[in-house]
Every structure is written in structure tokens, then in C-alpha cells.
Engineer: 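Pasting a structure here, questions to come.
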Amino acid sequence: MTIKVRFFASMRDRMGKGDATVNFSGAKMTVTDVWQQAANGAPMPESTLIAINMEYTDNNAVVKDGDEVAFFPPVTGG
Amino acid sequence: MKVLICENSFDPWKELTAYEQTLPPGKTGGSVSFVGTMRDFNDGHDVSAMRLDHYPGMTEKHIERVMEEAAEKWEIIDSLVVHRVGDMQPNDPIVLVVVWSAHRANAFDACRYIINYLKERAPFWKCETTRDGKQRWVEHNTKDPGAAAAVKKVVKSA
């Protein structure tokens with residue numbers, strides 16, 4: 001299973017990268033599993049927003065092969 | 001309904017006028033517009049420049065969804081959102097929201113709904129440059145005192 005990971009704004013700065021790829025061979029992978037691999041064990045900030053394939057979700061959501069998972073701070077547009 | 005993400009400065013009034021030409025003649029009783037512009041201060045600091053990042057694709061998708069929700073909740077004729085990304089200076093327009101309807105109350109309510117929910121859900125992030133040359137990410141949007149009441153009203157009527 002291959003997951004595309006994206007970090008935005010201060011999250012990108014914190015991680016030192018905007019994109020990552022996570023591979024998983026188990027039966028089930030959650031957003032938390034994706035974060036742990038992509039962030040190399042760094043704790044997820046409490047205010048982190050998460051999207052799978054551009055839809056908001058939470059860290060318990062299950063991902064599937066080919067999904068794009070994005071992590072970013074609270075939004076500040078408008 | 002139209003969403004436009006602009007990498008360059010835009011003139012809100014030209015955008016409004018140009019889109020208005022596409023609407024059916026004789027049906028519109030009025031329009032309500034909101035234009036957000038860049039301040040030269042924020043959180044007690046002078047701000048000299050700003051960069052707006054976004055998540056291409058997700059941004060447009062969620063703005064469109066908010067506009068569709070507004071169209072379901074109120075009788076409106078059409079709506080337009082233009083939002084800047086990239087590098088900007090104080091006084092530059094950041095966002096334009098326009099709602100056209102037959103009657104003003106629907107246009108006012110729908111316009112407020114769209115800008116409030118856009119600010120909560122559309123993935124944009126502001127990175128400010130202060131007068132001393134430091135860059136910092138804006139951690140939260142300024143709270144609109146009327147927004148909470150507007151949101152409560154929407155939830156109550158849903």
C-alpha cells in the first residue's frame with residue numbers, strides 16, 4: 001500500500017518537506033500510522049487538520065492504497 | 001457560480017461587473033459584496049508583506065461546497081468568489097464574495113455565510129513579513145463578532 005503525504009504551511013516548515021510517500025504492508029493503516037511514518041515519530045500538534053483525498057477527516061480514519069493524506073495547521077484565508 | 005483563485009492582484013469591482021454581465025437580465029434585485037483587504041498590522045505588529053499559500057484542488061472544492069450550501073439555504077440567483085494567493089502588499093484585495101438575489105435579505109445572509117465558512121474551511125494559510133523583516137505564519141483568523149451569531153442562526157434553522 002502506497003500513500004502520498006502532503007504537508008502545508010507551518011507543517012511543511014516543521015517537517016522540512018512538502019511531500020512524502022509512505023509504504024505499508026499490513027492489513028489496515030490509519031491516518032495516525034501514516035503520520036508516524038511520514039513525520040519520523042514526531043508528535044502530531046493538537047491543532048492539526050487532516051484531509052484524505054481533499055476531504056476533512058480525523059486521525060482514526062483508515063486509508064487505502066493510492067490515497068493522498070494532507071496534514072496542515074488551522075486555515076487562515078479570507 | 002464561480003470560484004477563481006488568483007496568483008496576481010485583482011480589481012474586485014471589475015470582477016464583480018464582469019460576472020454580473022453573465023446573469024439573466026431583469027431578475028436581480030440587488031447584490032451584496034464583501035471585499036477583504038490586507039492590513040498593515042496584525043496581533044500588535046506592523047506587517048509589510050504577506051504570502052498566501054493554499055492547497056490547490058481542495059481549496060476550490062470547499063469554497064464551491066460552501067457556495068452550494070448558501071444556495072440551498074437562501075433563495076439567491078448566483079454567487080462569485082475570487083481569492084488571492086501568492087505574494088501581496090498592504091491594501092491589496094485578498095478576497096471578494098458577491099451574492100446576487102431578488103431580495104436583499106437573502107443576499108446579505110448568504111454573503112455572510114460564504115465568507116464566514118470560507119474562513120473556517122477553505123485551506124489557505126497566511127505568512128506575514130513584519131517591519132523588522134521576520135516571517136511568521138498566522139495561527140488563527142481574526143474573529144468576526146457577528147460570525148458566531150450567524151453560525152448559530154444557520155445551525156438552528158437547519
Engineer: So if you build clusters from Ile, Leu, Val, Met, Phe, Trp, Tyr with side-chain heavy-atom gaps below 4.5 Å, do Phe72(A) and Phe124(B) land together?
Structural biologist: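 No, Phe72(A) does not connect to Phe124(B) through the hydrophobic network.
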
Engineer: Ignoring hydrogens, what is the shortest heavy-atom contact between Pro74(A) and Glu139(B)? Give both atom names and the distance.
Structural biologist: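 What the structure gives for the nearest pair is CB-O, 4.0 Å.
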
Engineer: Would you call Thr76(A) and Trp125(B) a side-chain contact if the rule is heavy atoms closer than 4.5 Å?
Structural biologist: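 Yes, close enough: below the 4.5 Å cut-off.
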
Engineer: Quick one: what part of Arg65(B) sits under 4.5 Å from any heavy atom of chain A, side chain, backbone, both or neither?
Structural biologist: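 Contact with chain A involves the side chain of Arg65(B) alone.
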
Engineer: Under 6.0 Å from the CZ atom of Phe24(A), do we count more than 12 heavy atoms belonging to anything else shown?
Structural biologist: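 Count over threshold, so yes.
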
Engineer: Using a 6.0 Å cut-off, check whether atom CG of Asn8(B) has over 12 heavy atoms from anything other than its own residue.
Structural biologist: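 Result for CG/Asn8(B): open.
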
Engineer: Are any of the side-chain heavy atoms of Lys61(B) and Glu55(A) separated by less than 4.5 Å?
Structural biologist: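 When only atoms from C-beta onward are counted, Glu55(A) and Lys61(B) do touch, with a gap below 4.5 Å.
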
Engineer: Within a reach of under 6.0 Å around CZ of Arg104(B), are more than 12 heavy atoms found that belong to other residues, nucleotides or ligands?
Structural biologist: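 Counting neighbours around CZ of Arg104(B), 12 or fewer heavy atoms of other residues, nucleotides or ligands fall under 6.0 Å, so no.
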
Engineer: If you look at every heavy atom in Asp13(A) and Trp137(B), which pair is closest and at what distance?
Structural biologist: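 Between these two residues, the closest heavy atoms are OD2-NE1, 2.7 Å.
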
Engineer: Among the clusters formed by ILVMFWY side chains lying less than 4.5 Å apart, do Ile94(B) and Tyr117(B) turn up in the same one?
Structural biologist: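 Yes, same cluster.
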
Engineer: If you take the centroid of each ring, where Trp contributes its six-membered ring, are Tyr56(A) and His62(B) closer together than 6.0 Å?
Structural biologist: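 Distance test on ring centres: under 6.0 Å, yes.
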
Engineer: For a quick test of reading the model, state the closest non-hydrogen atom pair linking Phe8(A) to His54(B) and the distance between them.
Structural biologist: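 Smallest interatomic distance, heavy atoms only, reads CE2-O, 3.8 Å.
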
Engineer: Does atom NZ (Lys27(B)) have a neighbourhood of more than 12 heavy atoms from anything else shown, all under 6.0 Å?
Structural biologist: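 Atom NZ in Lys27(B) is not packed in, count stays at 12 or less.
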
Engineer: Can Arg12(A) and Asp53(B) be said to form a side chain to side chain contact (heavy atoms under 4.5 Å, CB included), step by step?
Structural biologist: CA-CA 11 Å; Arg12(A) 184 185 58 223; Asp53(B) 285 3; 3.0 Å; yes

Engineer: Can you say whether Arg51(B) sits under 4.5 Å from chain A via the side chain, the backbone, both, or neither, judging by heavy atoms?
Structural biologist: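 Side chain only.
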
Engineer: Should we count CG of Asn60(A) as having more than 12 external heavy atoms under 6.0 Å?
Structural biologist: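 Yes, because the 6.0 Å sphere around CG of Asn60(A) holds more than 12 heavy atoms from other groups.
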
